[in-house]
There are 2 protein chains.
Amino acid sequence: MTTSQARAGSGEATGTRGRRPGIKDVAGAAGVSVTTVSHVLNGKGRVDAATRARVAEAAERLGYRPNSNARGLRSGRTDTIAMLLPAGADAHDHHVLAVDYYLSLTMKTVEAAFERDQALLQLPPLRRLDDLRRFGIDGGIVLDPVPGDGRVAMFHRLGLPVVTVGRDITRPDDPWWVAADSAASTRTVLEHFAAGGARRVAMLSVDIEWSWFADAERTYVEWAAERGCEPILVLARPDRRDSSAASAAAALLDLRPDAVYVPPQWLATGLLRLARDRGVRVPDDLLVAVGVDSHLARTSEPALTAVDLDPARTAREAVDLLMHRIEGGPPGDPRVIPVTLHPRGSSLRPK
Amino acid sequence: MTTSQARAGSGEATGTRGRRPGIKDVAGAAGVSVTTVSHVLNGKGRVDAATRARVAEAAERLGYRPNSNARGLRSGRTDTIAMLLPAGADAHDHHVLAVDYYLSLTMKTVEAAFERDQALLQLPPLRRLDDLRRFGIDGGIVLDPVPGDGRVAMFHRLGLPVVTVGRDITRPDDPWWVAADSAASTRTVLEHFAAGGARRVAMLSVDIEWSWFADAERTYVEWAAERGCEPILVLARPDRRDSSAASAAAALLDLRPDAVYVPPQWLATGLLRLARDRGVRVPDDLLVAVGVDSHLARTSEPALTAVDLDPARTAREAVDLLMHRIEGGPPGDPRVIPVTLHPRGSSLRPK
DNA sequence: CCTCGCTGCCAAATCGTTTTGCCGCGGGGT
DNA sequence: ACCCCGCGGCAAAACGATTTGGCAGCGAGG
């Protein structure tokens, strides 16, 4: 029944006929035992320098790569970590539209994992515990946990190490997270508005329990209080995008702000359109900034001032933190990622 | 050194305190040998119906899931397939901006793989053959192969089954691909323009050797020839987006078309802006359609008529085709995915 | 009565690697 | 002389599943 075993065809380097070389082949070629080969390749045992060199050369010459299944079986590790996009990240079906961010984060996470010699598995939406149990992974990165989803809980139930990107607001004592600095970015935006002469600074956000939005709202309210202003805060419902976004934008404009910070970038399009329809000019009458940078923000008319969440750094830190947890390291502090503001036309008044 | 041997008898489904149950635990609980358990679970050997039911019940009760490493070690399969995004799909670094499409395709592929009991690995850009050899996979899906990248070649060198999404134009005889029907969608768009009264139908595309663009250009030229028109075709350079996109759009508008099909959606933004700056009204003076649907297209002003590439179906077919190849099936025909045109404001003249 | 074939089940080999335990060999200390 | 220890290395036992090659028991056919 050996039909599968696609005949590996023309071999590699020198004459590799047939199968992929195993540790035995390397041992044979170097004239030592498999134990010694394993020790050399993993830098573990006590091996003479000359022997070490000989084994390394043989392994290199044969193009030897350890069989990941065998290694994983023995060591109990798979050298594979998982990543779970937020349910609803699919722009064709849903409304969570930080698409650029998620795609970039995905690719950067893949690369960061690769550099740590880990493979990265993309997991589907998990419906039952068994869904997660099927995968041979050492741990996982859950993106943007929300109170409702049981994803983090599933990892815990299976005793699997997990870290989140975005703080899980239902687990205030959990230090295993990485997140962009929402409070700092909010203050940066608000100060940017103030420096631009804005007096009535508002926020248009969304009623989702993600730490990025929750922290932005809290920081905004604090900031307004510090300046003795009444906060002007409108939250859109998170469900159907079109209607709730439009009505939230209308409600906000009715309050006559002269600057708006919009953490959920996908609400900005409707806001801009409505402003134009009402004769409110951006940036002349209204400064606008959004909380997630994207191609859309850059090419919008006017270009949208946006917070750069640095997905590359976020990915690196997330993988780093997860590996730390997998290796049994102590909890430590959460990783807060510094962010950058990209001021663009939507918040820069022509002089 | 606690010799593990989990106490099979007291195995609880609820209290998953101890280690993961193995096939031995199931065998103990059902009062049979591991061989019989394996046979039942894989539907292979000859087992009495009553025994079969007993084993299945025990496995279910214990929440048993086979260890993927052990299974893979023995069977030579990993039940894991890989997916390779095109180099440059990262919008934060590069210019290939069908971001919605790729994210959607990714998630749909994950789900399709899951339904086939496969895990999906996301692979980083491969620099050397060893990069690919490191991963324990049964096969891979390469997105949008271009003549330069060696990705498909690497799979072939390792004897790994591979399929592509998008035809590899350097391998005309390779039937192992899935692609949206570029020719049909091009004709649909062109006829849509013609039905809208357009006389000078042009194309603005890009000089990349992707089948989606190449086929669109060819089809456009054919269509123009059939109608006895001179084709009005401008290709942007694929390198730096800003300058080349702007100059291509300018060159196109200089030719005074009254309709433009833009297969690479990311060129449309600049075109729309330039048209407005020149006083060319869309759709009154110029009909526009793009070749990849996206959130940007839907929320643009005016909304852009776009071709829906059906990433969900593409993903399903790609996984299906790959599994077929992995299982040693005969080549068969490529899978051409039918597409849908979404007419929107940019190509619908107000009556 | 012997043989044959079939059913239902099991013991053991196997996959490729890591890890444990041990062994022979010098050399230095007592 | 003897003991002990560190070095360099190997054989063999895991790891958890699948697959092979049986082995009883039983009924039917010669």
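Computed from a prediction, not measured in an experiment: that's the story for all the values here. Below, read A as the first sequence line, B as the second, and so on, with proteins coming before strands; counting in each chain starts at 1.
- Nearest-nucleotide assignment on DNA chain C puts the 5′-proximal partner with G22(A), out of R46(A) and G22(A).
- Rounded to whole Å, atom P of dT17(C) lies 9 Å from atom CG of L41(A).
- The CG atom of D79(A) sits 19 Å away from the P atom of dC15(D) (whole-angstrom rounding).
- Using a 4.0 Å heavy-atom cutoff across all strands shown, N69(B) reaches no nucleic acid atom at all.
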Can you give me the N/O atom pairs linking the protein to nucleotides 10-12 of chain D at distances under 3.5 Å, or say none if there are none?
| unit_1 | atom_1 | unit_2 | atom_2 | d |
| --- | --- | --- | --- | --- |
| dC10(D) | OP2 | S33(A) | N | 3.1 |
| dC10(D) | OP2 | S33(A) | OG | 3.2 |
| dC10(D) | OP2 | T36(A) | OG1 | 2.7 |
| dA11(D) | N7 | T35(A) | OG1 | 3.2 |
| dA11(D) | N6 | T35(A) | OG1 | 2.7 |
| dA12(D) | N6 | T35(A) | OG1 | 3.4 |

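- dT18(C) atom P lies 13 Å from atom CZ of R77(A), rounded to whole Å.
- Straight-line distance from the CZ atom of R20(B) to the P atom of dC15(D): 15 Å, rounded to whole Å.
- For the pair D79(B) and D117(B), the minimum side-chain heavy-atom distance is 4.5 Å or more.
- For a distance-only test at 3.5 Å, the side chain of R74(A) fails to qualify as a donor-acceptor partner of the base of dT17(C).
- Rounded to whole Å, atom C1' of dA17(D) lies 14 Å from atom CG of N67(A).
- If you run side chain to side chain donor-acceptor pair (under 3.5 Å) between R171(B) and each of D168(B), D174(B), D173(B), only D168(B) comes through.
- The side chain of L73(B) has dG16(D) as its nearest neighbour among dG16(D), dG9(D), dT19(C).
- Between R71(A) atom CZ and dT19(C) atom P the separation is 9 Å, expressed in whole Å.
- In this structure, H324(B) and W176(B) have tilted ring planes: the angle between them lies in the 30° to 60° band.
- Taking side-chain N and O atoms only, Y64(B) has no distance below 4.0 Å to OP1 or OP2 of dG16(D).
- In this structure, I23(A) places its CD1 atom 5 Å from P of dT17(C), rounding to the nearest Å.
- When the side-chain nitrogen and oxygen atoms of K44(B) are compared with OP1 and OP2 of dT19(D), one or more of them lie within a distance under 4.0 Å.
- Between T35(A) and S38(A), the side chains place no donor N or O within less than 3.5 Å of an acceptor N or O (distance only, hydrogens not considered).
- For the pair L322(B) and P161(B), the minimum side-chain heavy-atom distance is below 4.5 Å.
- Minimum interatomic distance between A315(B) and L105(B) (heavy atoms only, all atoms of both residues): N-CD1, 3.9 Å.
- Salt-bridge formation is detected for the pair D320(B)/R116(B): a Lys NZ or Arg NE/NH1/NH2 atom is positioned less than 4.0 Å from an Asp or Glu carboxylate oxygen.
- Looking at heavy-atom distances under 4.0 Å, T51(A) makes contact with sugar-phosphate atoms alone, never a base.
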